[in-house]
Amino acid sequence: MECRVLSIQSHVVRGYVGNKSATFPLQVLGFEVDSINSVQFSNHTGYAHWKGQVLTAEELNVLYEGIKLNNVNHYDYILTGYSRDISFLETVVDIIKELKKANPSLVYVCDPVMGDQGAMYVPENLLPVYKNKVVPLADILTPNQFEAELLTGRKINTEEDAIEVMDLLHKMGPETVVLTSTDLPSKQGDQFLVALGSQKISKVSDGTNTDQKICMDIPKVDAVFVGTGDLFAAMMLAWTHHHPKDLKTACEKTVSVMHHVIKRTITYANEMAGPGKRPTPAQLELRMVQSKADIENPAIVVEAKVLQKSSQ
Amino acid sequence: MECRVLSIQSHVVRGYVGNKSASFPLQLLGFEVDSINSVQFSNHTGYSHWKGQVLTADELHVLYEGIKLNNVHHYDYVLTGYTRDTSFLEMVVDIVQELKRANPNLVYVCDPVLGDHGSMYVPQNLYPVYKNKVVPVADIITPNQFEAELLTGKNISTEKDAVEVMDLLHAMGPDTVVITSSDLPSRLGDRFLVSLGSQRHVRPDGSRTTQRVRLEVPKVDAVFVGTGDLFAAMLLAWTHHYPTDLKVHTHKQTQKKLFGAQSKVPESLRNRSRLFKDLQRFDELVL
């Protein structure tokens, strides 16, 4: 497999977020990963302390220029995640446009990181950039419920709402949308969260469009993990690559990898913390390296339900 | 296996040198790799063009401070390679010394990148820093012949010279020395290059012993970049698994990798030709 990904995300010296979270799993799965580090921090910002440096939009452009001058600006995928700076994000958009001109088949996997549980944790002025410039270029989008609501201006209270919101997101650009987590009640009880996905597939033979819409009930884990969204987007890239017209399988594999990594992580973290103690952010770092086998060949632990297939 | 490595090397967006060359293989082998990127370049400097930014000694210090403030500055290994800046290298030495105080068992694997084929390709003022400050705190070093000669002030014309040079290097600090490539004639002919290693141990009864090995490594007819970084990373990995068996771990690593010249040398010197075949034999020197 000769598949090259350009990933523009954070780098942390210690731990697994951003490029640290995405790169190793993708490399394990045989992808060539070129990575532009948007920041270099000692560790993620959930620790008591963090220190480091950020890349400016200008510096990002300089790095891209280097790649272009050598005529190696040819990618099959681009992957982006957490960003805090408008001009940086706008430079990313310019780069993607140029890379799509160089390779019209390029797939842009975008995690539109803006916030969660009803609150934004990036500057508010990023929303219009995501809405008007980034999402229209994306091919695969992995918002959580809050981000999906922000982007579409519509609230999600029921499964029908979720389906309508995913359709609105399709209209904005991406053919594949995954609502990575929602507050919708799970039929399996309150130890589960509901995730949904939607993919538009065009049949070349007769020009008709089919939607595949799926729903998953995912076991909750009682802890706060960092970097899981970045791992999710990276795995969506990998598994949709292997299953381009089968969102159900791609999501089952992605969510299963997440499950194995998270379970290994929480077991280790609790062991390190000791009985009755809550683990620290350092102890809760994803057990990525230890999960190599699960990344390569995930045992499927969650089944996605196909909601509806509609044709137009 | 719970083993944490701090690797302070370059990052390239595209390709495999520095941290890009070292991290993935170590992670595959189950090591936790914390990486400080000393530079971020588009690609290595052997391409027609390269662009990017460098980390200053101050910025390196800031990153280390973050790790220290969170009380997670506990490492089993430190790994360093190509550096161009004296103050950066001196900051690395300070960090290694502090990390060794935090963990006296820490092993510092150092590739003393200075040059090759008779000429330096880093600023000359790095040489005294390596000689006087870096090598004394190293536990494992991977110089090529030129770097070994530079550090000891002794030329290598015979295998006996090489053994003396490795002993001089041991006396400077590291218990494990691998001369990654040399111009010594191979017993298998001119399609092979000679690599040598030396490891000092203390026996249970307190006496000292030195294991020396010689490898005949198939040459490959091309210039590779990042191979030295891979070599040092793999030596870290395999000495971890075989701490007192230099023979096995150097054998494993030369079997697993293509071996070639670093392309930091200018075009005029890129006339080394190396041919690759399966590794055929290596000897353990009995002395």
Side-chain angles (χ1 to χ4, degrees), chain A residues 4 6-8 11-16 19-20 23-28 32-38 40-45 47-53 55-56 58-75 268 272 280-283 285 287-290 292, chain B residues 1-8 10-16 19-20 23-56 58-75 95:
Chain A
R4 193 171 283 272
L6 175 63
S7 179
I8 306 176
H11 170 78
V12 283
V13 172
R14 178 191 212 276
Y16 296 96
N19 269 336
K20 270 290 218 55
T23 304
F24 175 67
L26 284 170
Q27 290 174 318
V28 162
E32 278 288 353
V33 182
D34 285 10
S35 47
I36 295 181
N37 297 322
S38 56
Q40 177 164 227
F41 288 166
S42 51
N43 43 264
H44 71 67
T45 57
Y47 285 60
H49 309 273
W50 54 270
K51 284 188 180 288
Q53 300 90 27
L55 199 70
T56 64
E58 191 46 55
E59 291 169 330
L60 166 62
N61 214 31
V62 163
L63 287 170
Y64 175 66
E65 278 296 299
I67 298 285
K68 208 166 108 174
L69 282 166
N70 290 306
N71 200 20
V72 288
N73 55 333
H74 304 286
Y75 293 100
Y268 176 82
M272 290 294 112
T280 63
Q283 290 164 339
E285 289 285 4
R287 297 295 276 171
M288 194 73 79
V289 157
Q290 298 74 11
K292 181 180 70 174
Chain B
M1 178 180 77
E2 198 57 35
C3 199
R4 193 169 283 272
V5 179
L6 175 63
S7 179
I8 307 175
S10 314
H11 170 79
V12 283
V13 172
R14 177 189 211 271
Y16 297 95
N19 270 334
K20 270 290 217 55
S23 298
F24 177 63
L26 284 170
Q27 289 172 314
L28 271 190
L29 291 171
F31 290 84
E32 279 286 353
V33 182
D34 285 9
S35 48
I36 295 181
N37 297 324
S38 56
V39 309
Q40 176 165 224
F41 288 165
S42 52
N43 42 266
H44 71 66
T45 57
Y47 285 61
S48 313
H49 310 271
W50 53 271
K51 283 188 182 288
Q53 301 89 27
V54 303
L55 198 71
T56 65
D58 267 331
E59 290 169 330
L60 166 61
H61 193 238
V62 163
L63 288 170
Y64 175 67
E65 279 295 300
I67 299 286
K68 207 166 110 176
L69 281 166
N70 290 307
N71 200 19
V72 288
H73 55 298
H74 303 286
Y75 293 98
I95 289 172

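Chain naming here is simple, since letters A, B, ... match the order of the sequence lines and numbering starts at 1 in each. Below, each value reflects all heavy atoms present in this structure, side chains not excepted, and no hydrogens, waters or symmetry copies.
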Query - Spatial distance of atom CG (B:N19) from atom NE2 (A:H11) [nearest 0.5 Å] - result: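 Nearest 0.5 Å value for the CG-NE2 distance: 7.0 Å.
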**Report entry** Flag, side chain of A:Q27 to backbone of B:F24, donor-acceptor distance under 3.5 Å
**Finding:**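 Checking the backbone N and O of B:F24 against the side chain of A:Q27, no donor-acceptor pair under 3.5 Å is found.
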Query - B:R14/A:E32 under side-chain contact (heavy atoms from CB on, under 4.5 Å): CA gap, chis, key distance, verdict - result: CA-CA 9 Å; B:R14 177 189 211 271; A:E32 278 288 353; over 6 Å; no
For [X], is it the side chain, the backbone, both or neither that has a heavy atom under 4.5 Å from a heavy atom of chain B?
X	value
A:V33	backbone
A:Q290	side chain
A:A48	both

Could you tell me which non-hydrogen atom of [X] sits nearest to which non-hydrogen atom of [Y], and how far apart they are?
X	Y	result
B:Q40	A:N37	OE1-N, 2.7 Å
B:K51	A:L69	CE-CD1, 3.5 Å
A:L63	B:S42	O-CB, 3.5 Å
B:V13	A:L6	CG1-CD1, 4.2 Å
B:L28	A:K292	O-NZ, 3.0 Å
B:G66	A:K51	N-CD, 3.9 Å

For chain B, which candidate among [options] shows the most heavy-atom pairs at distances under 4.5 Å?
options	answer
A:V28, A:V72, A:T23	A:V72
A:Y16, A:W50, A:Y64, A:F41	A:Y16
A:E65, A:K20, A:R4	A:R4

Query raised in the report: Hey, which of B:L63, B:V72, B:I67 has the most heavy atom pairs under 4.5 Å with chain A?
Result: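 Among B:L63, B:V72, B:I67, the one with the most close pairs to chain A is B:L63.
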